[in-house]
Structures are given as C-alpha cells and as structure tokens.
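Order of the sequence lines sets the chain letters (A, B, ...), proteins ahead of strands, with each chain counted from 1.
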Protein chains: 2
Amino acid sequence: MTYDEDMATRTRGTLTRDRIIEVAIAFADEHGVEALSMRKLGAELGVEAMSLYNHVDNKDDIYDGMIDFVVGAIPLPDEDTVWQNAIRALGTDAMEQFSAHPWVAPLMMTRGMFGPAALRFMDRVLAVLSNAGFTDEDTHHAWQMLASHTMGYTFQQATNPGAIDDKFDGLDVLVAQLAEEFPHVARLAPLLAQCEFRHEFEFGLDIIIDGLEARLN
Amino acid sequence: MTYDEDMATRTRGTLTRDRIIEVAIAFADEHGVEALSMRKLGAELGVEAMSLYNHVDNKDDIYDGMIDFVVGAIPLPDEDTVWQNAIRALGTDAMEQFSAHPWVAPLMMTRGMFGPAALRFMDRVLAVLSNAGFTDEDTHHAWQMLASHTMGYTFQQATNPGAIDDKFDGLDVLVAQLAEEFPHVARLAPLLAQCEFRHEFEFGLDIIIDGLEARLN
DNA sequence: ACCTGAACACCGTTCAAGT
DNA sequence: ACCTGAACACCGTTCAAGT
C-alpha cells in the first residue's frame, strides 16, 4: 500500500457499519430522518448506495444502529449514587440525548430499543431500582413509568407548537379566533408554547420518584 | 339521475375528505401505516390516486385527519364527574383508542395533534383540571404529565417484546444467553413481556393523580 | 472481498387533457 | 367540478458483472 492510498483511506474513511451509522446520525440531525435515503447516505460517504449493503442488512438495520448509538451516549451514574439521584440523572440525561436527536423518539416508537447499548442502559436502571429495595414487580412498574415519562416528554417537546412555529406561524392567531370555542386552550396556550421542558420534565419526575418512594418502606 | 346511477353512487360511496380518511384508517389498522400509499388508498376507494388530491391537500393532510379522527373517538366524561375519576376515565379511554390504532402514536409524535377534535379534547381536560381548583401553572404541569404518561405507555405497548415476538421470536433465548451480562433484564424480561398494560397504566396514573392532588389543598 | 450499473417494483405529486 | 394518463423525480433492494 502506497502512502497516497493510505491517505485516501484515512481521509475518506473505511466503510464500516459504525461509520455508516455515524454519518446517518449526522445527516438525520441536519436534514431530518425522513430525508435520509440509502442513495444520499452513500453519496455522503463517497460511495454508491448499493455498497452500503455490504456492511448493513438494510435500512431498518441502520435505524436500529442509530437508536442504539444515541441510547449508548446516555451517561450511566456511579454505582454508589443514592437511587433518587441516580434516577433523576438517568432521566434528565436521557431527555438531553433525545432532544439533541429529535428523530430518535419516533424511531424508537416503531422500532423499539433492543440493541446492546439499550440492554446495558436498561439493565443499569433496573439494577438501581432493585438495589434500592424495590420488589421485582415494583421495579417493573417503576421502569415502565420512568420510560413512559421520558418518552412522553420527548413527544411533548417534539410537537410543541413553540418549537415548530415555522409550520404553525398562524397558531396564536388561530387560537385567538377560537377563544370562545376552546377557552382553556386559548388561555393556557402561551404557557404551553413557551414552557421550559427541562423544568417541566423534572417537575413530573419528582412526583413519580416521590410516588415510588412511598411504596418502599 | 337514474336508479342505477343512484345505486352505484350509494354502494361505491361519494368521494369526500371524510370518506378518504375513514378508509385510510381501516387500511392502516389492517396493513399498517407504512403500507398506506396514495395509489393503494385510491384503489381501495375505486379511484385513481390522483383523484384524491381533489379532496385532500396531500398525504400529510390525510395523516392529520386520521389523527384527529382517532382523538375524536375518545369519549368525554360528564361535566359533573369528580376530577380524579374524570382524569382516570380520559386517560384509560385515550389509551384504549391508541391501542386500537397502534399507528396513531408514532404519527402524533411527528405530526402533533392540532385538529379540531384534538383541541376539543384538550380543552376538556384543561377544563376538568381548572375546575378542580388547580392554578394555571399546575393545570399546565398536569396536562403535560398526563399526556406524557398516556403517550409513553402507548409506546411501551407498541414496542413490547411480547406483542412483537413474531419479529423477536428468539428474544427469550437471546436474553437467556446474555443473562450474566444483563442479569436484571434477564430476570425481569418475563414480567415485561407479559404484563397487563391496562393495569400498568392505571398504576402509574394513580401515582400521578395522587401527586397532583397533593398540590391542591 | 468489496464496489458498481442496470434494473425492478414501487413512491408522492403535478399537470394538461378529458368529461 | 371531478377524474384520468402520462410524466417527473424520487425510493429500497437485488443481482450479475466487474476489480
């Protein structure tokens, strides 16, 4: 292998499953998942679309890889953190990742999360709850609640009229017109449009943690 | 108009926006949203795909109509129901609709819910909370929590390994193999795979309602 | 072992042409 | 006013052919 070949390999990068997924994530972050196609992804990697199939089963395989990469980026708390703080950190850190990659939640909703990083993440959350003294049944309940809360808030954030007001620039006008038909929506619309999601999320998370804690004693 | 023409019109049905959305929902229920295309939907209605554009803006417009139809099918509680029961009923009834049409939650996640039926539904939930004595801020908090919980549990149900074990028929085997790497997942997998979602959902809903109630006094 | 061109069976959407 | 055929610019995926 000559020096030039070596340079080309290094700058263009060798085509691997990981590199494909990496570039797919960057592309989805910039242009949205719906714009992601095998042909465009190939072009981004300096290769024809068909070459991707040498490293990846199909497009769904890429989706699964993207999901697992994002879940894998959620930091895990130290083993000795008290469970309430560990859960709070896991929740807020998960939210942060999901917010940074808004396409991941809808994708998880249809594809699930069963990759190695997702299993590792899940195992850690279950460990925190079990070690805190919850029964297996309550650990299960708690996982479902916490996962639902995190996924649900991601949904709220994704479909927040404030966040997507490019599409709904006439929303406040519309709401004002419908004020007598939907008075409560009209009154609370400003709160919904410009709320701090981090604060909102933690408000609910604390209620859940308190509710779970009451079942421990 | 002759008798025969009248019959044909009645049996084939007149093409309208509502009828298109109705048939689209039935199609998505049977074959999944990802299989829904303008061409197939046209065929289902005995018409070419291009004709649909006379009654509908585009495919997204159909999606929005499908979402609003499903939300509109959630029954609203009587005005004088005590708020805890009203909220519980709204939550479980919403869950029931979302479960009956598994494609609706991922769709809402990307499209939001801003149709007339959705606004009506939202206004009613906000009214229940306001009338219960919550401040506007807490009403807002409560809406976000309840909506998140409902959406989140729909997600859990949709991606439940038990529900999709046609795709993951080897999941229990896989989990067993990884038992030493993910011990808690392995131990709780049966609970997750075969849990009663209705019961799970209400467990969490009660914790949320209790937590909100504590802010009322 | 990896990449490619051509092909297949699809998409959503537009638009001029029909009635 | 509503429906259609043909067309445009895309899709994911397969497969024989190249190196």
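Using a 4.0 Å heavy-atom cutoff across all strands shown, A:Ile62 reaches no nucleic acid atom at all. Here A:Leu36 lies in heavy-atom contact (under 4.0 Å) with sugar-phosphate atoms only.
Partners of B:Asp136 by salt bridge (Lys or Arg N to Asp or Glu O under 4.0 Å), not counting sequence neighbours, listed by chain and number: A:Arg187. In this structure, the salt bridge (Lys or Arg N to Asp or Glu O under 4.0 Å) partners of B:Arg198, at least two apart in sequence or on a different chain, are B:Glu96, B:Glu202. The ring-ring contact (aromatic ring centres under 6.0 Å, His included) check on A:Phe155 picks up nothing, with sequence neighbours excluded.
Remark: C1' of D:dC11 and OH of A:Tyr63 are 11 Å apart, rounded to the nearest angstrom. The nearest whole Å value for the distance from the CG atom in A:Leu45 to the P atom in C:dC2 is 15 Å. Atom CD of A:Glu34 and atom P of D:dC10 are 15 Å apart (whole Å). Nucleotide C:dC10 holds its C1' atom 8 Å from the CZ atom of B:Arg39, rounded to whole Å. Taking atom NZ of A:Lys40 as the reference point, atom P of D:dT13 lies 15 Å away to the nearest angstrom. Counting to the nearest Å, the C1' atom of D:dT13 and the CG atom of A:Asp60 are 12 Å from each other. Across the protein-nucleic acid pair, B:Ile20 atom CD1 and C:dG12 atom P stand 14 Å apart, rounded to whole Å. Computed from coordinates, the B:Leu52 CG to C:dG12 C1' distance equals 11 Å when rounded to whole Å.
OP1 or OP2 of D:dC11 has not a single side-chain nitrogen or oxygen of A:Lys59 nearer than 4.0 Å. Close to C:dA1, at under 4.0 Å from its OP1 or OP2, lies no side-chain N or O of A:His55.
Considering only the side chain of A:Met38, D:dG12 comes nearest among C:dC11, D:dG12, C:dG5. Here the nucleotide nearest the side chain of A:Ser51, chosen from C:dC3, D:dC2, C:dA7, is C:dC3. Nearest nucleotide to the side chain of B:Asn58, out of C:dC3, D:dC11, C:dT13: C:dT13. Distance from the side chain of A:Val47 is smallest for C:dT4 among the nucleotides C:dT4, C:dG12, D:dG12. With C:dT4, D:dC2, C:dC11 as the choices, the nucleotide that has an atom nearest any side-chain atom of B:Asn54 turns out to be D:dC2. Closest to the side chain of B:Ser37, out of C:dC3, C:dC11, D:dT13, is C:dC11.
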Under-3.5 Å N/O pairs linking protein and nucleotides 14-19 of chain C:
none

**Item:** For DNA chain D, the dot-bracket pattern of Watson-Crick and G-U pairs whose distances stay under 3.5 Å, | for other-strand partners
**Value:** ||.|||||...|||||.||

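Residue pairs satisfying the side-chain hydrogen bond (donor to acceptor under 3.5 Å, both in side chains) criterion with at least one member in residues 24-34 of chain A, sequence neighbours excluded, are listed as follows: A:Asp29-A:His101, A:Asp29-A:Trp103.
In this structure, B:Thr92 contributes its side chain and B:Ala89 its backbone to a donor-acceptor pair below 3.5 Å. Panel note: side chain B:Asp123, backbone A:Val185; a donor-acceptor pair is recorded below 3.5 Å. Between the side chain of B:Asp68 and the main chain of B:Ala118, a donor-acceptor pair closer than 3.5 Å is present. No donor-acceptor pair under 3.5 Å is formed between the side chain of B:Gln97 and the backbone N or O of B:Ile74. No donor-acceptor distance shorter than 3.5 angstrom exists from the side chain of B:Arg19 to the backbone of B:Leu45, with no hydrogens or angles considered.
In this pair, A:His141 and B:His199 present their aromatic rings tilted. The plane angle is within the 30 to 60° band.
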